[in-house]
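To start, the structure under review is shown below, and the notes come after it.
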Amino acid sequence: GDDLAEDDDSKDAGSGGGGKVVLASQSFDEAALVTAMYAALLDEAGYEVETKLVDSRPNYLGEFPGSVDIVPEYVAGLGDQLNTDANGENAEPISSSDLDATLEAMQPLLEDKGLTLLEPSEAASQNAYFVTQEYSEDNGVTRLSDLEGESIKLAAHPDCAGRDDCEAGLTEVYGIDIELLPLGYASPQTYQSVLDGESQLGQTGTLDGTLDDQGLVLLEDDRGIQPAQNLVPAVSVAFLEEHPDVEEPLNELMAALDNATLGELIVRVTVDRETPEDVAEDFLEQEGLLD
Amino acid sequence: MIRLTGVSKEYAGRVVVQELDLEVGRGELVCLVGPSGCGKSTTLKMINRLVEPTTGVIEIEGRDVTHADPVKLRRGIGYVIQQIGLFPHQRITTNVMTVPLLYGESKATARARAHELLSLVGLDPEQYGERYPHQLSGGQRQRVGVARALAADPPVLLMDEPFGAVDPVVRRRLQEEFRRLQQELGKTVVLVTHDIDEAVLLGDRVAVFAEGGRLLQYATPAELLARPVNEEVATFVGAERGLRRLSVTRIDHEHLEPVDGIKAAELASTVAVGATLEEALALMLRNDRAMVGVTDGPRFVGVLTPAGVHRALRRSLRP
Amino acid sequence: MIRLTGVSKEYAGRVVVQELDLEVGRGELVCLVGPSGCGKSTTLKMINRLVEPTTGVIEIEGRDVTHADPVKLRRGIGYVIQQIGLFPHQRITTNVMTVPLLYGESKATARARAHELLSLVGLDPEQYGERYPHQLSGGQRQRVGVARALAADPPVLLMDEPFGAVDPVVRRRLQEEFRRLQQELGKTVVLVTHDIDEAVLLGDRVAVFAEGGRLLQYATPAELLARPVNEEVATFVGAERGLRRLSVTRIDHEHLEPVDGIKAAELASTVAVGATLEEALALMLRNDRAMVGVTDGPRFVGVLTPAGVHRALRRSLRP
Amino acid sequence: MTLLAAAREPSCYSALVNEWWCAQYVEDRRGDIVAATTEHLQITVAAVVLGLVLAFPLALLARRYPRLEATVLGVSTGLYTIPSLALLPLLVPFTGLSANTVIIGLGVYALTVLVRGFLDGLRSVPDDVVESAVGLGYGPTRLLFKVQLPLALPVLVAAMRVATVSTVALTTVGTLVSYGGLGDLISHGVQRNFRAELVTAAVLCVLLAVLLDILLVVMQRLLTPWTRQAAR
Amino acid sequence: MSLFELTWQYLTTAASWTGSGGLLDRLAEQLLLTVTALLMGLLVGLPVALWLGHIGRGGFLAINISNIGRAVPTFALLAVLVTADWPGPAQLGPYGRAGLATLIALALFALPPLVTTTYTAIREVPDDVLEAADGMGMSGVQRFWRVELPLALPLMMSGVRLALVQVWATATIAALVAGPGVGAIIVSGFARNHYSEGIGAALVVAAVALVLEVAAAGAQKLVEPTRERRVPAKVRAVVGDSL
Ligand SMILES: Nc1ncnc2c1ncn2[C@@H]1O[C@H](COP(=O)(O)OP(=O)(O)OP(=O)(O)O)[C@@H](O)[C@H]1O
Ligand SMILES: Nc1ncnc2c1ncn2[C@@H]1O[C@H](COP(=O)(O)OP(=O)(O)OP(=O)(O)O)[C@@H](O)[C@H]1O
Ligand SMILES: [Mg+2]
Ligand SMILES: [Mg+2]
């Protein structure tokens, strides 16, 4: 199995274009798609790209920076994770719905860890909560605050428990009595559970383009518990110093992405089941980022 | 009465028992001897249908066994297996009780019977009854196997090397006890052994098999020792067969010399007509005398000398 | 020369061999006999240090074995194990080649030697050499075990029931061949058996053990049969010991009757002085004559009659 | 290109159709499937080999010092009871996000079965064979390699079969650290309700196990010719 | 605080154990799940294996199929069951969400060790004992109940014991479909970056596994207190575990 292990030395082969780069990200469709875009761009720039998709953030964060060089990240998600890593499991969250404030708050944590962020995109993938159309109509629910005081079953990712943008926020800010069913983020089980009436509320992302077809509707986050989850490239400081040429194409990508475009692309992956690589390449060519 | 007619057995085309005709009279003890692998066990197992013959007919008391329900058939036949085959999960007493219990006897009766039989084979039920088989030596286990086969008091007994694992001294004792028992109970017994001495000692008749399951000779021990039908049997019966005859040849009036002129003191120890030559010779050696008195009932009928013994032996060898 | 002095062995406090003194001369064949579990195998294994004695000294050729490197020691001692113990993963020839190869002999030499020895124990190397042990019968396997022990031509041989699994006919042949071989090669042999006949036939001396590892008697076969030291030995040696003596008592001048007045025709068959009484008696029976001529070298020295045989037997029993 | 195919009509594996078995899927994703299968095979083999390499000295130690036997067996059984769900994330801090994490984790699981395989195998060597080898003058090393190990082989291989087949299944858990071979496909399939992917990968797992199992049996037959026509 | 201390703290805090969704709750759920799945496995596997063992045919196939069964990733199986129309993720009484699917997956998982040991146990009854039983006129049924079954029992118990421990350790995967059991705590602990919870719960599972193992071994000794226990080496290897 030696050929499976990465070879750390060869990374230093060249400065600027070329050499080896390791990307890591989470494995849900959206992250996989964005990662594929990174990979295509870096490949174009002459890098030998290796991609590692894992279940959850902590799995790669230990290696980053280190054997992982670049991660397609979300601003608040990364900030909160760095915060708990540094200050303990129960540390006060540093993220908010304000992008700039969040970026500022996480700056010292990034420095400590030897990471830096490139330009954030306007595209933001925040948690969002949906109910069935039927439920919405029957109970006149269109905003999360409409659920105040209700006892609700929520189908969501297991990491929802205790998070301010999820269970904790829904309970404390919106005053909803939440029972959590850990079925995953925008997973088929989560949709199924809501559609079956097993749970009333389901967790997905703001970029979810499949809701309409399924007869589901998003509820508005009218009290703003969602932090600034803008897409952003996180890069190892050391790597960036040696390979400054990665910055430009990634920044261009961030600029090219917005919620609507990304939402359409994700549907092609989740519904049509095209591979993220195909969709990414297709999009990048259209945008002229790739020949 | 057991009768085998034209019985053959093949395993994968290899003949293991060949066209065997054999008749065992009621109350008779027949020994099957022969070299290892000659088909003795196979023959035995065909009688209780543990093995089905390829061809031929086997009857017990005139009934063809192939038409009998094997389970019922076997309950009427005691079976001592060559590898002993005690039930390792049952205590010794329970092992012996198995067959009576199968018959539906009460526990108490079966237990009493088991104790009786254990004593018979020289195992104290108090001491050994509550043990498990693995707590006994090989020879002791084998005796339990014999007791178990006898437990249901079956009219027919099949015994496959029943004393093979017992040490020589105990074996001799068991053989003698078994012989007495068999004469008393009058069971029909087929006994497999590879020990020609055992066959000669126990058998009313002895069947000698050769490699490939051929029956070479079927005769009384005396006949077998005196007149082996061919070289093969002679070899098997052994070079010492002349001497072995000492133990099967019985003293007869014609071997004796007249009693006149012999001092009474010299007749101090006597044997009866019908005793074996071996006994007489042993007595002569023990007394350090060159003769021994022979009695027939209460009266002296003559004396036997070494020359007489020799004469008797020579005569018994003549066809 | 092997000498055991005051050797005892205990297992968990139970004495298995008790204060044993035993001396085996160079080129001598000594048989250990006794009932099952009396410590014969244990005694044997102490000689090649498979078992360490609890107390006492064991010397081979004057060297204390406890100070020898056990691996080297054992290479100089052929060992035939009671349970045969062939290597199941090696072919027959390879099994026999093992020890020569351990010694560092060339493959070709070892193979030639193995073939020679297989022939010696009556197994055709062509036919059996390439088989695996499980493809042989029990008796054939045991002969391979003997061949393997002989392969390195060791001056000392330890044999634990080497013919136990062989059927009686082949056993007798092997015993005789082995006896001849041993006289020819002059090896020092300690052989365990529970067959008193085998011990008497093969042994220069016989050691009789009792339960608990006590040595009861250590004597020549003739001495043992003639004068068992106590009832225990007598029982073990057997009731037929008088008759068994026929095979160990040798014809002597004093047993003979004068040759005068005997017709030449009656002397047609003769035995030599020093033959056993058994041979003489067998000849008498074969010829159906009450006498046999005895020669000493080229000349007749007398005739032996049944009475003479009896006289000789009686004399040999006297203390 | 799949893009065009998808434009024409939904393939049998699109979320709208989502069939359990879909040849189109196998055709389109052939490269992924082959890569995942190869990775699966490599991890499985490496883990079993690692297990063997660790188990052998442990087994020898346990035999040499019988007191240690209970400890060796106890510890390896203890390791076995740690849920794989927890073991791999626990290893990440030490071994990183690499195939090594999976190989080490699974090697540890295989260890339990293999240590017993060695011990039972060595124990199954008949005493009489060992006694005669010693009696003929075999030293301890030669005894081990020339007599005991060859004779332990059938039992050891039986243990290896169990270990290998179980490891094939366990390798899928490696997806937790992104080195799960076919497990990556299964996990992906589960998360996206991608039936064709899930079933194809699961079937391949079983086929892989059958293949390795047969391979071991053949290997054993070649290495132990003496057991071939075992006497009854 | 180090991870070790955090874990220790988690395990020694009463609140971790009590309350809805606490360790005790989850342990009870998992135990119920394990025992039920094991019983289901026994109900299906034992009769088949005993029957095959008794008639002495088809065992090669049964053993190999059930051995290969080990290669089916339990979590893939569980996923398929939950996704399929039946049994789906439906709630089942005290077994909670996806209870039936989880039970089926675990019962299937228990089959290989149960079938293999049971079949082998019956086949390992020595030939001479069987011959003696036949020879004394036992019918097939009598032979089975009086000889084969009692002799096979100790080894069968080993198989049950092995299956028990394996099912217990595997039952954590129910968490992957939001099912019951301690797995829920492990998954949520790791997912929320609360390593201490994940590790603590995993340790609890392992500890209980050992307790079950020891308890089962004790129970087994009680069943057969006197008899010499010898398990043929080959059997142990086939079964591959902790006999
Ligand atoms: N089930 C079987 N299949 C094939 N061959 C068999 C079978 N049973 C016995 N044989 C062969 O039949 C021959 C006779 O076997 P049997 O058991 O009757 O011999 P035996 O005379 O009892 O020998 P022993 O004295 O060694 O017990 C042997 O060569 C044996 O290998
Ligand atoms: N390793 C051991 N531990 C405890 N007791 C033993 C051991 N080896 C042998 N014994 C006991 O020592 C006694 C003598 O055994 P040994 O093997 O020397 O007997 P033997 O005379 O060769 O008997 P057999 O004729 O049955 O082979 C027996 O009672 C046996 O049970
Ligand atoms: Mg037989
Ligand atoms: Mg012995």
Side-chain angles (χ1 to χ4, degrees), chain A residues 1-8 22-29 31-32 35 50-56 58-64 66-68 157 183-192 210 213-214 266-283 285-286, chain D residues 1-7 10-18 22 24-25 28-29 31-32 38-39 41-47 49-50 88-89 92-104 107 174-181 184 187-197:
Chain A
D2 279 350
D3 45 339
L4 295 168
E6 69 279 15
D7 184 356
D8 283 302
V22 180
L23 301 180
S25 176
Q26 297 178 66
S27 53
F28 58 90
D29 282 335
T35 309
E50 190 191 342
T51 302
K52 297 179 176 186
L53 298 182
V54 297
D55 268 5
S56 66
N59 281 345
Y60 61 69
L61 215 51
E63 315 266 298
F64 182 47
S67 61
V68 174
H157 193 267
L183 293 180
Y185 172 87
S187 70
Q189 285 90 345
T190 291
Y191 293 128
Q192 198 59 46
T210 68
D213 289 343
Q214 302 191 66
I266 291 169
V267 170
R268 286 172 58 183
V269 176
T270 47
V271 177
D272 301 334
R273 297 212 162 118
E274 293 178 47
T275 64
E277 290 75 20
D278 287 346
V279 177
E281 213 164 299
D282 203 29
F283 166 75
E285 275 166 13
Q286 261 176 18
Chain D
M1 242 184 95
T2 51
L3 207 59
L4 297 175
S11 66
C12 53
Y13 60 84
S14 87
L16 303 172
V17 183
N18 208 16
C22 171
Q24 185 69 40
Y25 163 77
D28 289 351
R29 303 291 172 85
D32 290 352
T38 313
E39 183 180 291
L41 185 67
Q42 287 169 330
I43 292 179
T44 303
V45 170
V49 169
L50 177 69
L88 294 183
V92 171
F94 306 104
T95 52
L97 262 195
S98 63
N100 291 341
T101 308
V102 188
I103 292 171
I104 291 172
T175 188
L176 290 175
V177 293
S178 101
Y179 284 95
D184 293 344
S187 160
H188 187 265
V190 170
Q191 282 166 26
R192 307 308 137 76
N193 191 19
F194 196 159
R195 293 177 170 175
E197 185 177 35

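First the proteins, then the strands, lettered A, B, ... as listed; each starts at 1.
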Subject >> Closest-packed option against chain D by number of heavy-atom pairs under 4.5 Å, given A:Ala186, A:Gly184, A:Pro188 >> reply: A:Pro188
Original post:
So what's closer than 4.5 Å to chain A heavy atoms on D:Val102: side chain, backbone, both or neither?
Top reply: neither
Original post:
Is chain D contacted by the side chain of A:Asp213, its backbone, both, or neither, given a heavy-atom distance below 4.5 Å?
Top reply: neither
Original post:
Looking only at heavy atoms, which two atoms of A:Val279 and A:Val269 are closest? And how far apart?
Top reply: CG2-CG2, 3.9 Å
Subject >> Exam field: side chain A:Thr270 to backbone A:Ile266, donor-acceptor pair closer than 3.5 Å >> reply: yes
Subject >> Minimum-distance pair of heavy atoms, taken over all atoms of A:Ser27 and A:Leu53 >> reply: CB-CB, 3.9 Å
**OP:** Using distance alone, with no hydrogens and no angle criterion, decide if A:Gln214 and A:Thr210 have a side-chain donor and acceptor under 3.5 Å apart.
**Re:** yes
Original post:
Which bit of D:Tyr25 is near chain A, if near means a heavy-atom gap under 4.5 Å: side chain, backbone, both or neither?
Top reply: neither
Subject >> Test item: side-chain donor near acceptor, D:Thr175 and D:Asp184, under 3.5 Å >> reply: yes
Subject >> A:Gln189 versus chain D, the contacting section by heavy-atom distance below 4.5 Å >> reply: side chain
